[in-house]
Amino acid sequence: MRRVRFHAYGGPEVLEIEEAGIPEPGPGQVLIKPEIIGANYVDVQIRRETDPGSIYHRPLPATLTGDVVGVVERAGRGVDPALVGARVAALSEDAMADYVTADAAWLIPLPGDADAVSAVMLPTVASVAMGVLNAGRTSAGDSVLITAAAGGVGHLAVQLARHRGAGTIIATAGSAAKLAFLKELGADVVVDHTAQDWAEQVRQAVPGGVDVALDAIGGHTLHAAIGLLAPGGRAVAYGAASGDLTSVPVGSLFMLRSLTGFAIMALRATDEAQARADLAELTALVTSGELYGTAGLTLPLAEIVRAHRELEARSFPGRLILVP
């Protein structure tokens, strides 16, 4: 079978497709043959990170993460053999391959007719989108700012905020096509975050400040988002696509504003019941069609180098999908 590895840090060209044997699922794991694979932007940062002290650093040779929708082929020790043949969605730490292993405890069973593109959002990006809204204590009527809103997590957060009854939803993106995409998803106000005055545009749209700000960019964008909060507003950081993990000035929080971080694996480790409740709710929304994912670009697995070039360029809305 084919699998993707990188043996050096750097640009997309370091990604290699290798031939290898089909892996055996370990204890508590299953082997899945994917229909489709959802790529994660964080792997761009992991692929090029050379600093061992960074949260993005991985020892070489390294793999790429992702979510898969596919059929269970084998069950490892301690796993119910009745899962074999089931169609599921799952997160895999070694997702870019013709066969992948995944933790059986977090498999998401899918109806046979479930839309694969929407279902592949469930394990990670949809769970993060709901998690950041929860972390920001988002409730009906709240104004919500979502930066990088046309991305994998962001385009789902826009839909979930609307589903939750949010008031004004302000979504930022970096191109006219992405801004139009966000309007179609239900954003009330769209702002080009490459514009020098983007923060002022948000301030004019919500003069009293926003109640909740969700940020995946980090650095100056996160600082500006905190400054746009109303008194008592809540900011949630869940990524740093800019590569800037600088600290936040404490003075910006003195107006009873708050800042928290979110990571899906941390939620699973600290509040498993909440993580499972979120998954159940998200699965119901996806199967009913109330929440849907967008495949902004679909490529064969053989074009993994091109796929990562497109991820770096952020050239498309929604999520990048690979087909084995």
Keeping Y238 on the side-chain end and A129 on the backbone end, is there a donor-acceptor pair under 3.5 Å?
no

Does NZ or CZ of R203 come closer than 6.0 Å to the centre of the six-membered ring of W198, within 45° of the ring's axis?
no

Please find the pair of heavy atoms, one from S143 and one from V206, that lie closest to each other, and give the distance.
OG-CG1, 4.0 Å

Taking the side chain as everything from C-beta on, heavy atoms only, tell me whether P34 gets closer than 4.5 Å to V100.
yes

Point-to-point distance, once rounded to the nearest 0.5 Å, from CG of L297 to CG of L320
5.5 Å

Between L145 and L228, is any pair of side-chain heavy atoms under 4.5 Å apart?
yes

Under a 4.5 Å cut-off applied to non-hydrogen side-chain atoms, are M130 and L267 in contact?
no

Spacing of D98 atom CG and I32 atom CD1 [to the nearest 0.5 Å]
14.0 Å

Check the hydrophobic clustering (I, L, V, M, F, W, Y; side-chain heavy atoms under 4.5 Å; chains of links allowed) and say if L133 and I170 are grouped together.
no

Does V128 reach the side chain of V125, with side-chain heavy atoms less than 4.5 Å apart?
no

If you look at every heavy atom in D188 and K183, which pair is closest and at what distance?
O-NZ, 3.1 Å

Does H155 offer a backbone N or O that forms a donor-acceptor pair with the side chain of Q159 under 3.5 Å?
yes

Side-chain heavy atoms nearer than 4.5 Å, only ILVMFWY residues, links allowed to pass through others: does that put L214 and V202 together?
no

Please assess W106 against R276 for the test side chain to side chain contact (heavy atoms under 4.5 Å, CB included), listing each intermediate value before the final yes or no.
CA-CA 9 Å; W106 288 95; R276 292 193 181 280; 3.7 Å; yes

Tell me, do L60 and F6 make a side-chain contact under 4.5 Å, heavy atoms counted?
yes

Looking only at heavy atoms, the pair that brings A89 and A119 closest together is CB-O, 3.7 Å

How far does CG of L156 sit from OG1 of T124, to the nearest 0.5 angstrom?
11.5 Å

Pairing residues for H163 by the side chain to side chain donor-acceptor pair (under 3.5 Å) criterion, not counting sequence neighbours:
none

Output all residues satisfying side chain to side chain donor-acceptor pair (under 3.5 Å) with S315, sequence neighbours left out; order by chain, then residue number.
E310

What one should report as the nearest heavy-atom pair of L185 and Y292 is CD2-OH, 3.3 Å

Check this for me, if you would: do D67 and R319 make a salt bridge, where the nitrogen-to-carboxylate-oxygen distance has to be below 4.0 angstrom?
yes

Do L64 and Y99 belong to the same hydrophobic cluster, where Ile, Leu, Val, Met, Phe, Trp and Tyr are linked whenever their side-chain heavy atoms lie under 4.5 Å apart, directly or via other members?
no

Nearest non-hydrogen partners of Y9 and I46, listed with the distance:
CD2-O, 4.3 Å

Would you say V14 ends up clustered with V44 if hydrophobic residues are merged whenever their side chains have heavy atoms under 4.5 Å apart, either directly or through other cluster members?
yes

Side-chain donor/acceptor of T172 to backbone N/O of A148, under 3.5 Å
yes

Could you give me the CA-CA distance, side-chain angles and deciding distance for T298 and V117, then say whether side chain to side chain contact (heavy atoms under 4.5 Å, CB included) is met?
CA-CA 10 Å; T298 301; V117 169; over 6 Å; no

Between the main-chain N or O of G66 and the side-chain N or O of S92, is there a donor-acceptor pair closer than 3.5 Å?
no

Under the criterion side chain to side chain contact (heavy atoms under 4.5 Å, CB included), I'd like the reasoning laid out for V72 against L31: C-alpha separation, chi angles, the key distance, then a yes or no.
CA-CA 6 Å; V72 175; L31 178 72; over 6 Å; no

State, yes or no, whether a side-chain contact exists between V79 and P25 at a heavy-atom distance under 4.5 Å.
no

Any side-chain heavy atom of I37 sitting closer than 4.5 Å to one from I321?
no

V323 vs L299, test: side chain to side chain contact (heavy atoms under 4.5 Å, CB included). Steps then yes/no.
CA-CA 6 Å; V323 180; L299 294 171; over 6 Å; no

How long is the straight-line distance from NE2 of H193 back to CD of Q201, given to the nearest 0.5 Å?
12.0 Å

Report yes if the side chains of P324 and M96 come closer than 4.5 Å at any heavy-atom pair, otherwise no.
no

To the nearest 0.5 Å, what is the distance between CD1 on I304 and CG on L15?
6.0 Å

Could you tell me whether the side chain of R162 and the main chain of A166 form a donor-acceptor pair under 3.5 Å?
yes

E24 and R74: CA distance, side-chain angles, deciding distance, salt bridge (Lys or Arg N to Asp or Glu O under 4.0 Å) verdict
CA-CA 8 Å; E24 283 294 329; R74 290 182 217 156; 2.5 Å; yes

Any donor-acceptor pair under 3.5 Å linking the side chain of T63 with the backbone of E93?
yes

Using atom types as modelled and distance alone, determine if a side-chain donor or acceptor of S54 lies under 3.5 Å from a backbone N or O of Y56.
yes

Ionic contact status for D142 with R234, cut-off 4.0 Å:
yes

Any salt bridge between D94 and R5, counting N to O under 4.0 Å?
yes

Quick test of your reading of the model: are R87 and E35 salt-bridged, counting only N-O distances below 4.0 Å?
yes

Give me the one residue out of T283, L122, L282 that meets side-chain contact (heavy atoms from CB on, under 4.5 Å) with L291.
L282

Closest contact, heavy atoms only, A97 versus M1
CB-CE, 4.1 Å

So does V42 get a backbone contact from the side chain of N40, meaning a donor-acceptor N/O pair under 3.5 Å?
no

Do V212 and V132 land in one hydrophobic cluster if side-chain heavy atoms of ILVMFWY residues count as linked below 4.5 Å?
yes

Could you check whether R3 pairs with E18 (Lys NZ or Arg NE/NH1/NH2 to Asp/Glu carboxylate O, under 4.0 Å)?
yes

Carboxylate-amine/guanidinium proximity below 4.0 Å for E272 and R268:
no

Please round to the nearest 0.5 Å and tell me the distance separating atom CD of E73 and atom CG of L83.
13.0 Å

Can any side-chain N or O of R257 pair as donor or acceptor with the backbone N or O of G233 at less than 3.5 Å?
no

Using a 3.5 Å distance criterion without hydrogens, assess whether the side chain of S118 forms a donor-acceptor pair with backbone atoms of D115.
no

Test side chain to side chain donor-acceptor pair (under 3.5 Å) on S127 and D278; report intermediate values, then the result.
CA-CA 7 Å; S127 293; D278 289 350; over 6 Å; no

Holding to side chain to side chain donor-acceptor pair (under 3.5 Å), I want the full list of residues that pass it with E312, two or more places apart in sequence or in another chain.
R47, R48

